[in-house]
Each structure stands twice: as C-alpha cells, then as structure tokens.
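Notes for the one structure printed next.
Quick caveat: nothing in here was measured; it's all calculated off a predicted structure. Per chain, numbering begins at 1; letters A, B, ... match sequence-line order.
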Number of protein chains: 2
Amino acid sequence: MFAALGDPTRLAIFDRLADGKPRSISVLSDDADMTRQAVTKHLRVLEAAGLVQNHRVGRESQYAFCPEQLAEARAYLDQVAGRWESALMRLKSFVEEDPA
Amino acid sequence: MFAALGDPTRLAIFDRLADGKPRSISVLSDDADMTRQAVTKHLRVLEAAGLVQNHRVGRESQYAFCPEQLAEARAYLDQVAGRWESALMRLKSFVEEDPA
DNA sequence: TTTTTATGCAACTAAAAAGTTGCATTTTTT
DNA sequence: AAAAAATGCAACTTTTTAGTTGCATAAAAA
C-alpha cells in the first residue's frame, strides 16, 4: 500500500478523491497528462491496495475514496514511531543511570 | 518517500532500524537474501528519502533511523483523513438540513 | 607488512511498472 | 436506429527498478 501511494500520479488521484466525491475514469483522466488507459491502471492499483473503491453505475465506473487502509497505514507509522520513542527512552535512562 | 517504503526489502530494513541502533551495511546484509550491493542501493534510496541517516565510522558505514520524514508522512495521512472526515460532516449536515 | 574486512564504483542483466495504441462492447443520447 | 460517450481487453513499447558481478580502495587486524 505504500507502493500504491509511491507513484506521484496515484498519490495525486488519491489526494483528489479525499474530498469524498466519487469520480468516473474519464473525469479523472481529463486533467491528467496521460491516456485514459493509464489512469485506469493506476486506479486498479489503488483499488487493489484498498485505497479506493469502485462501483459501476450505468456506463461509467465511479471510483471513491476508501478510508480503512489509510487508517492502517497511520497505525503502522504510529507503531514504528512508538518503538523509536521507547528506544530513545531506554537510551536516556541508560545514560542517566549509575551516577556513582 | 512512500515510494521508498513501498519496497518490501526497504520496509524491512527501515523497520529493523526503528529500534534506534545504527547498523553497518554488512550487518544489514547478513540476513538478507541478496547481495551486499543490493542492500547498499536500498539504503541509499532510504537515505535519499530522509528515512535513515548514514555516517562513516572507520571502515564501516553505519545507517540509523531518522524520524523527521516519518513524522511528515504521518502528518500527511492525518491531513488526508481530516479532509475526508470533514467531507463526511458536510454530507451529513446536507442530508439533515431542510426538514421542510 | 601481509591479510582480512567493509565498502565503493561501474557496467551489466533481468524483471516489473508505466504508458500507448487499436479494437470491441455497453449504455446513453439524439 | 444511429451516433456518441465511457469503458474494457490485449498486445506492445519504453522506462525504471532490482539485483548481480568484477574490480579497486581504505581501514583494521594479525
């Protein structure tokens, strides 16, 4: 999922969808400087990563923001940051111990 | 920087360094199932993304966890999540308004 | 000082990702 | 019914990324 957000085009699409409004492939392709097919591929990568959801309505396929995986990514980063913090703490108390 | 964490090998290295202990390239290569050179490349990608820091001591080059960019990533995800939340709020109040 | 250990550089190969093109299909619109 | 709009599928090219190999160098150890 970091890989999915790692591509600038995908990050831009994801960011754009964060306002909650679902958008069709063609709408998302309009202001991208690449083919509709390329955008389609990116959307599928985002979908596979669980970052967006897709449902077909009539002839168009709407992609919408999906918050679950986002939360998971945040949780992971928090966990790493937490480990780092406690490592710092241990280091600190090690330095401060044994004043003799 | 999402791209840097997007590779499983790099994520593993990064995760491992989160205990705060700096490690040399060879130490990090020992239990990786790839060449030392490959690990070196990954470390440089992580360094370029500001996720780890490197400093040479004697003949070995020690890589250590670097928290700044991590915080930035968290901030970004928080911001996206925040936008999503307020979009939900607006939608909710739109639905609830105008009971007439 | 000879030998090991830890690393860097550069050229190369291989594989995955990004993007394009052409054509077919389905749903709207006219 | 015919035309237009929105997609999907598949094959293909291009670019990047991952990983390897061989050789050179600097520091530490014997």
Side-chain angles (χ1 to χ4, degrees), chain A residues 1-66 69-70 73 76, chain B residues 1-66 69-70 73 76:
Chain A
M1 93 131 261
F2 283 131
L5 292 181
D7 179 88
T9 303
R10 282 195 295 266
L11 186 60
I13 294 177
F14 176 71
D15 200 84
R16 188 172 173 195
L17 288 175
D19 66 359
K21 300 179 189 164
R23 290 176 179 81
S24 72
I25 297 180
S26 14
V27 167
L28 289 169
S29 303
D30 280 341
D31 41 316
D33 54 347
M34 71 185 63
T35 321
R36 169 183 59 85
Q37 284 302 332
V39 173
T40 299
K41 285 194 182 179
H42 284 304
L43 285 169
R44 292 197 177 152
V45 172
L46 287 172
E47 185 181 19
L51 292 165
V52 302
Q53 266 177 327
N54 161 256
H55 82 119
R56 191 85 184 238
V57 39
R59 70 179 152 182
E60 55 191 33
S61 124
Q62 308 262 111
Y63 280 87
F65 189 85
C66 185
Q69 292 303 309
L70 180 65
Y76 173 72
Chain B
M1 91 132 262
F2 284 130
L5 293 180
D7 179 89
T9 303
R10 281 195 295 267
L11 187 59
I13 294 177
F14 176 72
D15 200 84
R16 187 172 172 195
L17 288 175
D19 66 359
K21 299 179 189 165
R23 290 177 179 81
S24 72
I25 298 180
S26 15
V27 167
L28 288 169
S29 304
D30 280 341
D31 40 318
D33 53 348
M34 73 185 61
T35 320
R36 168 183 60 84
Q37 284 303 330
V39 173
T40 299
K41 284 194 180 177
H42 284 304
L43 285 169
R44 290 194 178 153
V45 172
L46 287 172
E47 186 181 19
L51 292 165
V52 302
Q53 266 178 326
N54 161 256
H55 83 120
R56 191 85 185 240
V57 39
R59 69 180 154 181
E60 55 191 32
S61 124
Q62 307 263 112
Y63 280 87
F65 189 84
C66 184
Q69 293 303 309
L70 179 64
Y76 172 72

**Request:** Find which nucleotide of DNA chain D each of A/Thr40 and B/Arg56 is nearest to by heavy atoms, and output the residue with the more 5' nucleotide.
**Result:** A/Thr40

**Prompt:** Which is true for A/Gln37 with a 4.0 Å heavy-atom rule: it touches a base, it touches only sugar-phosphate, or it touches nothing?
**Reply:** base

**Asked** Got a second to check how far A/Leu5's CG is from A/Phe14's CZ, nearest 0.5 Å?
**Response** 5.5 Å

**Complete:** CD (B/Gln62) and CG (B/Leu28) are apart, to the nearest 0.5 Å, by 9.0 Å

**Fill in**
Regarding the side chain of B/Ile25, the nearest nucleotide among D/dA18, C/dG8, C/dG19 is C/dG8

**Asked** Taking atom P of D/dA5 as reference, at what distance in whole Å does atom CG of A/Asp30 sit?
**Response** 12 Å

**Message:** So, taking the atom named OG1 in B/Thr9 and the one named NZ in B/Lys41, what distance separates them when rounded to the nearest 0.5 Å?
**Reply:** 13.0 Å

**Message:** It should be established whether B/Thr35 places a side-chain nitrogen or oxygen under 4.0 Å from OP1 or OP2 of nucleotide D/dG19.
**Reply:** no

**Asked** Considering only heavy atoms and no angle criterion, is a donor-acceptor pair shorter than 3.5 Å present between the side chain of A/Arg36 and the base of D/dG8?
**Response** yes

**Request:** To the nearest Å, give me how far apart CG (B/Asn54) and P (C/dG8) are.
**Result:** 7 Å

**Asked** Can you tell me if the side-chain N/O atoms of A/His42 get under 4.0 Å from OP1 or OP2 in C/dG19?
**Response** yes

**Prompt:** Atom CG of A/Leu11 and atom P of C/dA18: how far apart are they, to the nearest Å?
**Reply:** 13 Å

**Whole-Å gap separating C1' (C/dA6) and CZ (B/Arg23)** = 17 Å

**Item:** Spacing of CD belonging to B/Glu47 relative to NE2 belonging to B/His42, to within rounding of 0.5 Å
**Value:** 15.0 Å

**Asked** Rounded to whole angstroms, how far apart are CG on B/Leu43 and P on C/dC9?
**Response** 14 Å

**Request:** Could you check A/Ala3 against B/Val27 and say which one's nearest nucleotide on DNA chain C is further toward the 5' end?
**Result:** B/Val27

**Item:** Value in whole Å for how far the P atom of C/dT7 lies from CG of B/Leu28
**Value:** 9 Å

**Message:** I need the CZ-P distance between B/Arg44 and D/dA18, as an integer number of Å.
**Reply:** 15 Å

**Asked** Touch check for B/Ser61, heavy atoms < 4.0 angstrom, all strands: base, sugar-phosphate only, or nothing?
**Response** sugar-phosphate

**Message:** Between the base of C/dT5 and the side chain of B/Arg59, is one N or O donor paired with an acceptor at under 3.5 angstrom?
**Reply:** yes

**Nucleotide C/dA16, atom C1' - distance to NZ of A/Lys41 in whole Å** = 11 Å

**Prompt:** In terms of side-chain heavy atoms of A/Arg10, which of C/dA18, C/dT7, D/dT20 is nearest?
**Reply:** C/dA18

**Asked** Taking the side chain of A/Glu60 as heavy atoms from C-beta outward, which of D/dA6, C/dT20, D/dG8 is closest to it?
**Response** D/dA6

**Request:** Could you tell me whether the phosphate oxygens of C/dA6, OP1 or OP2, come under 4.0 Å of any side-chain nitrogen or oxygen in B/Ser24?
**Result:** no

**Item:** Residues A/Val52, A/Arg10; criterion side-chain contact (heavy atoms from CB on, under 4.5 Å); working and verdict
**Value:** CA-CA 11 Å; A/Val52 302; A/Arg10 282 195 295 266; over 6 Å; no

